[in-house]
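In what follows, a single structure is set out as C-alpha cells and then discussed.
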Amino acid sequence: MKVLYIIISIALLGMSTAFGQKKTEKLLLGGSGWNKIVIIDKATGKIEWEHPLEKGWECNSVAATPDGNILFSYARGAKVVNREHKELWNIAAPAGCEMQTARILPGGNCLLAWAGHPAVVMEVSSDGKILSRTEYDTGVKRPHSQFRQVNKNTRGNYLVPIISTSEVHEISPEGKLVKITKVEGNPFTVLSSKGKNYWVACGDAHILLEANLENGKVIRRYTERDIEGTNLYFVAGLFPSAKGGIYVCNWQGHSRNAKETNSPQLFEIDKKGKMVWSLNDHEAFGMISAVSTIR
C-alpha cells in the first residue's frame, strides 16, 4: 500500500505541474553597447542566464537554436554557444567588415550577414557549415552605415534594410537586386506581418511602420508618442510574440534624456498596437537592440 501511495502521489504531482501551472515564457536579449547577452523570465523580468561579451563587441542579433543553444552576432563574427558557455562554432567576419545578422531560419539553419565590400549573406547549417553565400554591393561606402538585421522572405529572397538610405533592398540568392522599397529613418530590421506586409523598425526616426513592401503603402505608422506608455527612441530589433503581437527593442543609446521619460527598453504590443508588457530596468539591463523568444 505504501508503494501504491507513493506512485499515486507522484502521478498527481505530475498532473498538477502539467495542468495547474502555466510555463513561463523566456526571452533572449542582447544589445549594442551592452556587455552581455541574457535570458530572462518574462513574468518576473529576472535574469536566469547570462553570457559575457568582450569590450568592443557589438551584438545586434540574438537567437535560440532549436536544440536550445544560443546564436549571436558580435560585429567581428557570429557564434553559437551552449548554456555552459562552450563555443560550438564561430564564423569570423573579414577585417573591416561587420557581422550584424545572426538569426534562425524556418527549418533550423542559420542566416548570417556581414556588412562590407561586398556585403555577404550566408546560410549556415546548425553545425556551422556554410551552405550558401550571396555577395551584394549595397552602394554604401561605410560598412557600419549599411545594415543590421537581414531577413528572408517566402520567395527565398533576402530583405536588406539599408540604414543610411532609408530603403529596403530585396535581393535574390544570386545577389541580383529585385526591388527597392523606400521607407523612413534608419531601418534596422523588417519582420513579416500579414501577407506582403512587414513591420519596419525605423531607427532614429523614432518610428515603427507596418508597410507593404510590394507597393510601399503604409498600413500603420507609430511615431514617438503614439504608443501609450512609452516614447519611441531608436526603434531596433523586432520579434513576433505568442498572441500575434510583436516585441519592440527601444534602444536608447542616441538619446540622453531617455531615462528621464521612464520609457521601457523593451516592450510588447498586441495586434491593435496596445502595449501589453514592458521591461524598464536600467540597473539590471543595458541598451537592448535584439530580442528572441526561447521555445
Quick one: [atom1] on [X] to [atom2] on [Y], what's the gap to the nearest 0.5 Å?
X	Y	atom1	atom2	answer
L88	S126	CG	OG	10.5 Å
K26	E48	NZ	CD	3.5 Å
K179	H169	NZ	NE2	11.5 Å
E210	I219	CD	CD1	6.0 Å
L131	S125	CG	OG	5.0 Å
K182	L213	NZ	CG	14.0 Å

Partners of [X] by salt bridge (Lys or Arg N to Asp or Glu O under 4.0 Å), sequence neighbours excluded?
X	answer
E228	none
E224	none
E123	K152

Open item on the list: If we count only N and O atoms by modelled type, under 3.5 Å, do the side chains of Y198 and T181 hold a donor and an acceptor together?
Closed with: no
Q | S73 and Q100: side chain donor to acceptor below 3.5 Å | A | no
Hey, any chance [X] and [Y] share a hydrophobic cluster, counting ILVMFWY side chains that come within less than 4.5 Å of each other, even indirectly?
X	Y	answer
Y74	M287	no
V62	W57	yes
L177	V121	yes
M99	L53	no
L266	I47	yes

Got [X] and [Y] here, is their nearest side-chain heavy-atom distance under 4.5 Å?
X	Y	value
L112	T101	no
H85	W49	yes
V183	V190	no
D270	K243	no
T24	T44	no
T293	L27	yes
V140	F147	no
L28	F72	no

- Task: Could you check C110 against I104 for side chain to side chain contact (heavy atoms under 4.5 Å, CB included), going step by step and ending with a plain yes or no?
- Result: CA-CA 5 Å; C110 307; I104 305 297; 3.9 Å; yes
For [X] against [Y], the heavy-atom pair lying closest together:
X	Y	value
P143	G96	CG-O, 3.5 Å
G30	I37	CA-CG2, 3.9 Å
Y136	G175	CD1-O, 3.6 Å
A75	A93	O-CB, 3.9 Å
A201	A236	CB-O, 3.0 Å
R220	K271	NH1-O, 2.7 Å

Contacts satisfying ring pair (Phe, Tyr, Trp, His ring centres under 6.0 Å) that involve residues 88-133 (not counting sequence neighbours) are none
Self-check item: side chain to side chain contact (heavy atoms under 4.5 Å, CB included) between N231 and Y233, worked out
Solution: CA-CA 6 Å; N231 281 15; Y233 288 100; 3.7 Å; yes
Residues joined to I163 in its hydrophobic cluster, side chain to side chain under 4.5 Å directly or through other members, sorted by chain and number, are none
The remaining residues in the hydrophobic cluster of V235, counting side-chain heavy-atom contacts under 4.5 Å among Ile, Leu, Val, Met, Phe, Trp and Tyr, are L191, W199, L208, Y222, I227, L232, L238, I246, V248, F267, I269, M275
- Query: Are R133 and E135 close enough for a salt bridge, meaning some N to O gap below 4.0 Å?
  - Reply: yes
Check: Going by an N to O cut-off under 4.0 Å, is there a salt bridge joining K79 and E54?
Finding: no
Quick one: does Q265's side chain have a donor or acceptor within less than 3.5 Å of a partner on F285's backbone? yes
Does the Q252 side chain pair with the main chain of P264, one donor and one acceptor, at a distance under 3.5 Å?
-> yes
Evaluate the criterion salt bridge (Lys or Arg N to Asp or Glu O under 4.0 Å) for residue pair E214 and R155; output intermediate values, then yes/no.
CA-CA 12 Å; E214 292 292 323; R155 288 199 290 265; 3.0 Å; yes
Q. Quick check: are there more than 12 heavy atoms from other residues, nucleotides or ligands sitting under 6.0 Å from NZ of K272?
A. no
(message) Looking at K129, I want to see if its NZ is surrounded by more than 12 non-hydrogen atoms of other residues, nucleotides or ligands under 6.0 Å.
(response) no
>> Can you tell me how the ring of W251 sits relative to the ring of H254, calling it parallel under 30°, perpendicular over 60° and tilted otherwise?
In response: perpendicular
With side chain to side chain contact (heavy atoms under 4.5 Å, CB included) as the test, would you mind laying out the steps for L159 and E170 before giving the verdict? CA-CA 5 Å; L159 299 174; E170 180 179 349; 3.9 Å; yes
### Task
Under the side chain to side chain contact (heavy atoms under 4.5 Å, CB included) rule, what do V81 and H51 come out as? Steps first, then yes or no, please.
CA-CA 9 Å; V81 299; H51 181 77; 4.1 Å; yes
